[in-house]
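For ligands, and for the atoms within them, numbers begin at 1 and follow the listed sequence. One is the number of the first residue; the rest follow in order along the sequence.
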Amino acid sequence: MDKIWLSSPHMGGGEQKYVQEAFDTNWVAPLGPNVNGFEKDLENYLGEKSHVACLVSGTSALHLALILSGVGYDDEVLCQSITFSASANPIVYQRAKPVFVDSEKDTWNMCPVFLEKAIKERISKGKKPKAIIVVHLYGMPAKMDEIATIAKKYEIKLIEDAAEALGSSYKGQKCGTFGDFGILSFNGNKIITTSGGGALVCNTDEVKKRAVFLATQARDNAPHYQHSHIGYNYRMSNITAGIGRGQMEVLDKHINYRRANNNFYKEVFKNVEGVEVFTESSSDYFSNHWLSSVIIDKKKTGFSREDLRLSMLEDNIESRPLWKPMHMQPIFKDCLYYGSKISEKLFDYGLCLPSGSNLTHNDKLRIKSSIEKLID
Ligand SMILES: *Cc1c(COP(=O)(O)O)cnc(C)c1O
């Protein structure tokens, strides 16, 4: 039996046409009509106030967001603890220090209460944080009203890691457009993929131009190579942008499939006491449900998240524990942490289930019967 993956690439059909066009016109370079076209598509999708720079990865987008926020040596940056390490690594690229913040239970994202507590305490120590990185985990929007209000109150730059949340929205506004910067990822496992890639969402065209300048080796305006800044080679290729244009044609369709997966899991676990399928806590939230996940209370179910993971693996079905919080990671063990045990508990009890937009009816039958082996 074929492996059922957590989230695998799902092409829509139009991608190769744009890639072929790039070959036909010899735009095989880190610029060209597909890069411009993909940026336009994303701007149209996110709303008129967004200015998008396509880059080689979500990680590079975060790095540029920090640079453009003025983060440098010895600065402190507040970062959601439960996330993928790529949210935090660019802080260290800037030789700044991550300060991790716990989650709240509704969205699993940054807790506004611990965030404000952290800010007040860091200010009292003479270390006002330079930026906040909030994540929309698994596509679920964070509590953006509260978090944006706090960022504004203390005049701290807000960076939204929307790598997993393209198409999600909070109170009708698209994730990635709330902060001073938003970042997107088009890695192979994300809601749309360009094989690898990312984007930085800026609020003005001026800031976007600055991002593109830094992403293309920071060349000054001169006939020779002249540099007054350190530059980066972070611009997206016109080939991968072609894949992105094709993927934009099916984005909303793929979100509907992912949301249907979430309903499928609600149905599977409907009568199972001790299993909670993660979903929106109110109509303010619209999740793309990039990955559907469950919290398993072993005391009630008799099986743990690890029991379920191993049992599904026997049936050649991939699942994965939730992100291990950054404050529990060996590499970040000396970093400050503000919170209690919410993110730690999510890690202990949570499991991500197969969630691809390309899951077939047959795949779902296999998943269902694999899960039911443990339930019965
Ligand atoms: C995937 C991901 C990133 C990194 O994006 P890349 O394109 O892989 O560099 C950053 N943050 C989160 C939360 C992610 O899931």
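- L200 and M248 are assigned to two separate hydrophobic clusters, defined by single-linkage of ILVMFWY side chains at heavy-atom distances under 4.5 Å.
- Every protein residue with a heavy atom nearer than 4.0 Å to ligand 1 is included here: S57, G58, T59, T83, F84, A86, S87, V135, D161, A163, E164, S185, N187, K190, G197.
- Under the 4.5 Å side-chain criterion, counting only non-hydrogen atoms from C-beta, E146 is not in contact with L115.
- Looking at R259 and E280, a side-chain N of the basic residue comes within less than 4.0 Å of a carboxylate O on the acidic one, giving a salt bridge.
- No salt bridge links E267 with K364; every basic N to acidic carboxylate O contact stays at or beyond 4.0 Å.
- Within the 3.5 Å criterion, the main-chain N or O of V35 finds a donor-acceptor partner in the side chain of N238.
- The backbone N or O of C54 lies less than 3.5 Å from a partner atom in the side chain of R235, making a donor-acceptor pair.
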